[in-house]
Engineer: 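One structure, as structure tokens, below. Some questions next.
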Protein chains: 2
Amino acid sequence: MFNFAASTPILMNEKKEHIIDTAMELFAEKGFEGCSIRDLATKAGVNLAMVNYYFGSKDKLFEAIVEHKARFMRGRLDEIAADSKLDSLQKMDAVIESYVNKIISNPSFHKLLYQELLVNERNDMHDAIIKIFVKNTQTVRGIIEQGIRKKQFRKVDPQLTMATLMGTINQVMLSKAMCVMLMDGQENFDPYTDTNFKARLVRHLKQVLHSLLLNK
Amino acid sequence: MFNFAASTPILMNEKKEHIIDTAMELFAEKGFEGCSIRDLATKAGVNLAMVNYYFGSKDKLFEAIVEHKARFMRGRLDEIAADSKLDSLQKMDAVIESYVNKIISNPSFHKLLYQELLVNERNDMHDAIIKIFVKNTQTVRGIIEQGIRKKQFRKVDPQLTMATLMGTINQVMLSKAMCVMLMDGQENFDPYTDTNFKARLVRHLKQVLHSLLLNK
DNA sequence: TTGTTTCAAACAAACGTTTAATTAATTCAA
DNA sequence: TTGAATTAATTAAACGTTTGTTTGAAACAA
């Protein structure tokens with residue numbers, strides 16, 4: 001079982017990274033099984049054999065994507081939880097902004113993770129991804145329980161509160177087409193780049209969590 | 001483009017239904033592209049050629065699943081919205097219970113819909129599924145806006161409030177393994193049948209939406 | 001030289017689908 | 001009710017593609 005949370009840095013040439021980036025977007029859009037190595041090679045403008053030459057197999061390419069991209073997404077939540085200058089509510093606000101930023105700036109990677117969570121092939125990968133989510137949930141749970149102990153927060157369900165936070169973001173970010181239709185369906189509206197949308201999402205999440213958490 | 005919301009009743013023999021049921025569970029677990037017709041035929045105990053004999057193709061089998069299962073999931077939200085005996089908050093509570101029941105009692109079908117939402121092959125199906133979600137969102141949006149007009153509810157973001165409702169449920173229901181780990185990770189805990197878990201989810205959602213919606 | 005990268009070609013396996021033959025079920029005049 | 005005629009259901013085998021992967025030679029770099 002591999003563990004990309006503790007992976008060591010890997011030197012990666014431009015071509016390898018280009019394949020990883022192209023593969024991530026293609027897998028996110030069409031699904032892992034729905035995209036062939038030939039599709040990928042064509043789209044990336046490299047020879048078919050290069051994928052196996054660099055990564056060994058299609059499965060290992062998937063692992064390489066997650067390993068490579070996950071290193072940009074670590075640590076932030078722990079910093080927030082450990083910051084003694086912030087009270088519990090400020091920490092939760094920071095968590096909200098951190099999450100929204102992370103997901104909005106890496107929509108493809110995020111879709112990829114959720115595809116893997118939804119389907120249950122490749123058990124190692126499935127478990128590894130679950131571990132990330134569980135770890136983040138426990139961090140946020142710690143923040144919420146601290147707030148409850150200090151009587152700043154009401155007694156809520158910490159795990160389901162985290163589910164509400166992540167779930168709300170996912171609901172609008174996992175399908176761009178649905179997001180556009182939900183959000184008044186204006187033409188050429190791109191939720192991933194529209195700054196108004198991002199602000200709207202953060203505002204809503206803060207409203208939800210403030211009203212849920214705060215003692216009147 | 002097909003439209004299963006207005007489909008006419010179709011007689012279906014036992015064997016056809018058995019294939020549909022088996023396929024739904026297999027597709028939900030392994031993904032549509034991740035499950036071959038041979039896998040399906042073996043699991044369902046029928047000859048390989050029967051799938052194409054009954055449904056024409058693998059794609060049409062997928063459509064048949066959605067057509068067949070969607071007819072059990074219609075109408076309830078509209079009934080709630082139109083019920084003049086309920087005030088806005090009571091309607092929202094009814095929506096919560098209806099949603100939780102629906103998803104908990106059809107987890108495979110629900111996973112299938114979200115897989116299709118996440119990946120973007122088979123455009124007709126993608127659009128058709130989005131239409132279901134959009135329609136439901138508009139119904140709930142109507143309830144929320146009615147509550148706001150009657151000053152029972154605060155001014156909230158109706159679409160994102162719906163995203164919070166659906167997203168929270170999805171977050172715990174889309175991956176059983178993650179749900180188990182989030183929810184204290186007790187052995188042999190099955191979120192789909194555990195009545196305590198269902199009650200816990202409904203309680204949390206009511207707490208979230210009451211505190212968000214109600215004017216102090 | 002030596003080792004690395006690139007490529008067209010080929011590989012076997014798996015895929016969705018079709019075929020053609022066989023069996024089961026239904027129809028219907030006698 | 002019977003029994004031939006017709007339709008429906010079932011099967012093993014094969015079809016042509018596409019799949020992930022490997023090969024071996026060529027091009028490039030050190």
Side-chain angles (χ1 to χ4, degrees), chain A residues 2 10-68 112 115-116 119-125, chain B residues 2 10-68 112 115-116 119-125:
Chain A
F2 72 98
I10 295 169
L11 291 179
M12 222 176 261
N13 62 40
E14 273 187 35
K15 200 157 192 171
K16 247 181 124 169
E17 266 188 281
H18 175 61
I19 293 176
I20 284 190
D21 289 339
T22 311
M24 185 185 66
E25 301 212 343
L26 232 47
F27 289 166
E29 195 188 6
K30 299 285 181 187
F32 178 75
E33 341 275 346
C35 167
S36 72
I37 298 188
R38 282 167 182 83
D39 291 341
L40 168 58
T42 304
K43 188 99 170 190
V46 302
N47 185 277
L48 165 65
M50 296 311 292
V51 175
N52 282 281
Y53 174 76
Y54 276 126
F55 300 98
S57 72
K58 196 187 177 189
D59 279 308
K60 284 182 187 156
L61 166 61
F62 193 108
E63 296 175 13
I65 295 174
V66 178
E67 274 198 46
H68 186 67
L112 207 61
Q115 275 178 33
E116 204 54 21
V119 307
N120 219 337
E121 299 198 304
R122 297 175 291 283
N123 286 22
D124 284 7
M125 183 56 75
Chain B
F2 72 99
I10 295 168
L11 291 180
M12 221 175 261
N13 62 41
E14 273 186 34
K15 201 158 195 172
K16 250 181 122 170
E17 267 189 280
H18 176 61
I19 293 176
I20 285 191
D21 289 340
T22 311
M24 185 183 68
E25 302 212 340
L26 232 48
F27 291 165
E29 195 188 10
K30 299 286 180 188
F32 179 74
E33 341 276 344
C35 167
S36 71
I37 298 189
R38 283 169 181 82
D39 291 341
L40 168 58
T42 304
K43 188 101 172 189
V46 302
N47 185 277
L48 165 66
M50 294 312 291
V51 176
N52 282 281
Y53 174 75
Y54 276 126
F55 301 97
S57 71
K58 196 186 178 190
D59 278 308
K60 283 181 187 156
L61 167 60
F62 193 109
E63 296 175 13
I65 294 173
V66 178
E67 274 198 45
H68 185 68
L112 206 61
Q115 276 179 30
E116 203 55 20
V119 306
N120 219 337
E121 300 197 303
R122 297 175 292 282
N123 286 22
D124 284 8
M125 184 56 75

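The figures that follow rest on heavy atoms only: side chains count, while hydrogens, waters and symmetry mates do not.
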Engineer: Might you point out which heavy atoms bring Glu17(B) and His68(B) nearest each other, and give the distance in Å?
Structural biologist: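 Minimum heavy-atom contact is OE2-NE2, 3.3 Å.
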Engineer: Rounded to whole angstroms, how far apart are CD on Glu14(B) and C1' on dA8(D)?
Structural biologist: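 Computing the Glu14(B):CD to dA8(D):C1' distance gives 17 Å.
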Engineer: Using whole Å, what does the distance between atom P of nucleotide dT17(C) and atom CG of Asn52(B) come to?
Structural biologist: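 Atom-to-atom, Asn52(B) to dT17(C), this comes out as 5 Å.
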Engineer: Could you grab the distance from atom NZ of Lys16(A) to atom CG of Leu61(A), nearest 0.5 Å is fine?
Structural biologist: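 Interatomic distance, Lys16(A) NZ to Leu61(A) CG, rounded to 0.5 Å: 10.0 Å.
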Engineer: Once you round to the nearest 0.5 Å, how far does CD of Glu116(B) lie from CG of Leu112(B)?
Structural biologist: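 Glu116(B) atom CD to Leu112(B) atom CG measures 7.0 Å (nearest 0.5 Å).
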Engineer: For DNA chain C, which residues in residues 23-48 of chain A have a heavy atom at a distance below 4.0 Å?
Structural biologist: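 The stretch gives Arg38(A), Asn47(A) as the residues lying under 4.0 Å from the strand, ordered by number.
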Engineer: Just how far, in rounded Å, is C1' of dT21(D) from CZ of Phe55(A)?
Structural biologist: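 Interatomic distance, CZ of Phe55(A) to C1' of dT21(D): 16 Å.
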Engineer: Any pair with a residue in residues 18-30 of chain B that passes side-chain hydrogen bond (donor to acceptor under 3.5 Å, both in side chains), sequence neighbours left out, goes on the list, sorted by first then second residue, please.
Structural biologist: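 Sorted pair list: Asp21(B)-Lys69(B).
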Engineer: With sequence neighbours excluded, tell me which residues meet ring pair (Phe, Tyr, Trp, His ring centres under 6.0 Å) with Phe27(A).
Structural biologist: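 Scan of Phe27(A) (ring pair (Phe, Tyr, Trp, His ring centres under 6.0 Å), adjacent residues dropped) gives Phe32(A).
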Engineer: From NZ of Lys58(B) over to P of dT18(D), roughly how many Å is that when rounded to an integer?
Structural biologist: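 One finds 15 Å between P of dT18(D) and NZ of Lys58(B), rounded.
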Engineer: Rounded off to whole Å, could you give me the CZ-to-C1' distance for the Phe62(A) and dT21(D) pair?
Structural biologist: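 Checked: the CZ to C1' distance equals 20 Å.
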Engineer: When the side chains of residues 42-56 of chain B are checked against the rest of the protein, which donor-acceptor pairs come out under 3.5 Å, sequence neighbours left out?
Structural biologist:
unit_1	atom_1	unit_2	atom_2	d
Thr42(B)	OG1	Arg38(B)	O	2.9
Asn47(B)	OD1	Ala49(B)	N	2.8

Engineer: Would you give the length of the straight line joining atom CD of Glu121(B) to atom CZ of Phe62(B), rounded to the nearest 0.5 angstrom?
Structural biologist: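 CZ of Phe62(B) is found 11.0 Å from CD of Glu121(B).
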Engineer: Would you please enumerate the stems DNA chain C participates in, each stem being three or more consecutive Watson-Crick or G-U wobble pairs with both distances under 3.5 Å?
Structural biologist: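 If one scans DNA chain C for consecutive Watson-Crick or G-U pairs, the stems found are C:3-30 with D:1-28.
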Engineer: Tell me, for nucleotides 24-30 of chain D in 5' to 3' order, what letter each nucleotide earns: B for a base near a protein heavy atom under 4.0 Å, S for only sugar-phosphate near one, - for neither?
Structural biologist: -------
Engineer: Find the distance between CD1 (Ile37(A)) and CG (Leu26(A)) and round it off to the nearest 0.5 Å.
Structural biologist: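 The CG atom of Leu26(A) is 12.0 Å from CD1 of Ile37(A), to the nearest 0.5 Å.
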Engineer: Listed by chain and number, what are the side-chain hydrogen bond (donor to acceptor under 3.5 Å, both in side chains) partners of Ser57(B), not counting sequence neighbours?
Structural biologist: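 So Ser57(B) forms no side-chain hydrogen bond (donor to acceptor under 3.5 Å, both in side chains) with any residue.
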Engineer: Could I get a table of every N or O pair under 3.5 Å where one atom is in the protein and the other is in nucleotides 2-5 of chain C?
Structural biologist:
unit_1	atom_1	unit_2	atom_2	d
dT5(C)	OP2	Tyr53(A)	OH	2.7

Engineer: If the condition is side-chain hydrogen bond (donor to acceptor under 3.5 Å, both in side chains), which residues does Asp39(A) pass it with, not counting sequence neighbours?
Structural biologist: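 Asp39(A): side-chain hydrogen bond (donor to acceptor under 3.5 Å, both in side chains) contacts with Ser36(A).
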Engineer: Using the test side-chain hydrogen bond (donor to acceptor under 3.5 Å, both in side chains), find all partners of Glu33(A) that sit at least two apart in sequence or belong to another chain.
Structural biologist: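 side-chain hydrogen bond (donor to acceptor under 3.5 Å, both in side chains) check on Glu33(A) returns Arg122(A).
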Engineer: Under the 3.5 angstrom rule, does the side chain of Gln115(B) hit a backbone N or O of Ala28(B) as a donor-acceptor pair?
Structural biologist: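 Yes; judged by distance alone, with no hydrogens or angles, the pair exists.
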